[in-house]
Amino acid sequence: MLELRGVSKRFGGVVATDDVTLEVTRGEVHALIGPNGAGKTTLIGQIAGVLATESGRIIFNGADITRQPAHARVAAGLARSYQITSIFRRFSVLDNLALAVQARSGTSFHFWRPVLAERALFDQARAIAGEIGLSTRIDAVAATLAHGEQRALEVGLALATQPQLVLLDEPMAGMGPEDSQAMIALIAKMRERVTVLLVEHDMDAVFRLANRISVLVNGRVIATGAPAQIRADPEVRRAYLGEELAA
């Protein structure tokens, strides 16, 4: 579904991503792991189209999207959640999701729109709220939600665009054990209908969810394989995983 060929990005003299070659297969959860500063979030930004790619190509569903803007990638079926929660904090959960559904459909809220069309929009929003575990919180203002609920809402905003591939950038950042387990369950449920590229430092979550794992160190992919292969790879253990497993 997604193929990166020699993708690179620099910030001044700093090489953030360096000749990254990576494939994400349809239907899998593909985890991208590595130490802080390895270039993971930069790579997600390049895939999403919010950061320009200086060299290399990004292929999505067979089409070259390297120079496409972010909104065109969303329309093509590629959605993203952010490392820092990004929601409409003053709006209710239902309104957040309805706006995302509306953005996907290309419609807008007008007083002359048929009532049935507006009802269908909010019905879709309610269905997504149920998927993300917020069906009892649809009238709550987003800013009043607990951290884990806000992260779930952000995933819901991505799902509302009806993506084929979702980029999740550290969805469990700042979560306690209970919220982390809820997010793991949500991602496990998502995998039934969307492909996921997951950036995450929680190794328990990574090894429970991922079909394959790629390890990024100093902007380069040093290994890709099944969880058992990555866990046993001596280079990966030296560069990153040994510390995580010992923690």
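In what follows, every heavy atom counts, from backbone to side chain, and hydrogens, waters and symmetry copies are set aside. Worth saying up front: this structure is predicted, and the values here are computed from it rather than measured.
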E131: which of R126, R193, K189 passes salt bridge (charged side-chain N to carboxylate O under 4.0 Å, His left out):
R193
Determine whether a donor-acceptor pair (N or O, by modelled atom type, separation under 3.5 Å) exists between the side chain of S135 and the backbone of A129.
no
Honestly curious: do V15 and V20 fall in one hydrophobic cluster under the side-chain, below-4.5 Å linking rule?
no
Under the criterion side chain to side chain contact (heavy atoms under 4.5 Å, CB included), I'd like the reasoning laid out for T224 against R212: C-alpha separation, chi angles, the key distance, then a yes or no.
CA-CA 7 Å; T224 294; R212 289 192 302 148; 3.8 Å; yes
Any side-chain heavy atom of M190 sitting closer than 4.5 Å to one from L168?
yes
Can a side-chain donor-acceptor contact be found between H30 and T25 if the only test is distance below 3.5 angstrom?
no
Are L32 and S214 close enough, and set up right, to give a side chain to side chain contact (heavy atoms under 4.5 Å, CB included), and what steps lead you there?
CA-CA 5 Å; L32 182 65; S214 292; 4.0 Å; yes
Are side-chain N/O atoms of D19 and S8 paired as donor and acceptor at under 3.5 Å?
no
Quick check: do F122 and V101 have side-chain heavy atoms less than 4.5 Å from each other?
no
Candidate pair E154 and R151, rule salt bridge (charged side-chain N to carboxylate O under 4.0 Å, His left out), full reasoning:
CA-CA 5 Å; E154 189 182 28; R151 299 297 283 180; 3.6 Å; yes
For residues 52-60, which side-chain N or O atoms pair as donor and acceptor with protein atoms under 3.5 Å away, sequence neighbours left out?
| residue | atom | partner | partner atom | Å |
| --- | --- | --- | --- | --- |
| T53 | OG1 | Q46 | NE2 | 3.2 |
| E54 | OE1 | R10 | N | 3.2 |
| E54 | OE2 | R10 | N | 3.3 |
| R57 | NE | D64 | OD2 | 3.0 |
| R57 | NH2 | D64 | OD2 | 3.3 |

Restricting to non-hydrogen atoms, name the atom on A142 and the atom on I87 that form the minimum distance, rounded to 0.1 Å.
CB-CD1, 3.7 Å
Is the side chain of T17 donor-acceptor paired with the backbone N or O of L43 at a distance under 3.5 Å, no angle test?
no
Between N96 and F88 (side chain of the first, backbone of the second, donor and acceptor by atom type, cut-off under 3.5 Å), is there such a pair?
yes
R73 side chain vs I47 backbone, donor-acceptor pair below 3.5 Å:
yes
Contacts of type salt bridge (Lys or Arg N to Asp or Glu O under 4.0 Å), residue R137, not counting sequence neighbours
E149
Quick check: does any side chain N or O of E200 sit under 3.5 Å from a backbone N or O of D202, one acting as donor and the other as acceptor?
yes
Identify whether L165 and V74 are in the same connected component of the hydrophobic contact network (ILVMFWY, side-chain heavy atoms under 4.5 Å).
no
Please identify each residue that fulfils side-chain hydrogen bond (donor to acceptor under 3.5 Å, both in side chains) with R220, with sequence neighbours left out.
D18
Test of understanding: clusters of I, L, V, M, F, W, Y form through side-chain heavy atoms closer than 4.5 Å, transitively. Do M203 and I230 belong to the same one?
yes
Say whether, by atom type as modelled, one donor and one acceptor occur between the side chain of Q181 and the main chain of E178 under 3.5 angstrom.
no
So with a 6.0 Å cut-off around CG of D179, is the heavy-atom count from everything else above 12?
yes
Evaluate the criterion side chain to side chain contact (heavy atoms under 4.5 Å, CB included) for residue pair N61 and Q164; output intermediate values, then yes/no.
CA-CA 9 Å; N61 278 334; Q164 298 178 52; 2.9 Å; yes
Measure from the side-chain N and O atoms of T195 to the backbone N and O of G27, and report whether any donor-acceptor pair falls under 3.5 Å.
yes
Taking the side chain as every heavy atom from C-beta outward, state whether H201 and N36 have any pair of such atoms under 4.5 Å apart.
yes
Mark yes or no for whether H147, through its side chain, and A173, through its backbone, hold a donor-acceptor pair below 3.5 Å.
yes
If Ile, Leu, Val, Met, Phe, Trp and Tyr residues are connected whenever their side-chain heavy atoms lie under 4.5 Å apart, and connections chain through other members, are L99 and V141 in the same group?
no
Could you give me the CA-CA distance, side-chain angles and deciding distance for R237 and D233, then say whether salt bridge (charged side-chain N to carboxylate O under 4.0 Å, His left out) is met?
CA-CA 6 Å; R237 293 181 71 94; D233 189 302; over 6 Å; no
Start with the C-alpha gap between I184 and D204, add the side-chain angles, then the distance that decides, and say whether side chain to side chain contact (heavy atoms under 4.5 Å, CB included) holds.
CA-CA 10 Å; I184 289 171; D204 175 62; 4.3 Å; yes
Just by modelled atom types, is the L216 backbone N or O under 3.5 Å from a matching donor or acceptor in the K40 side chain?
no
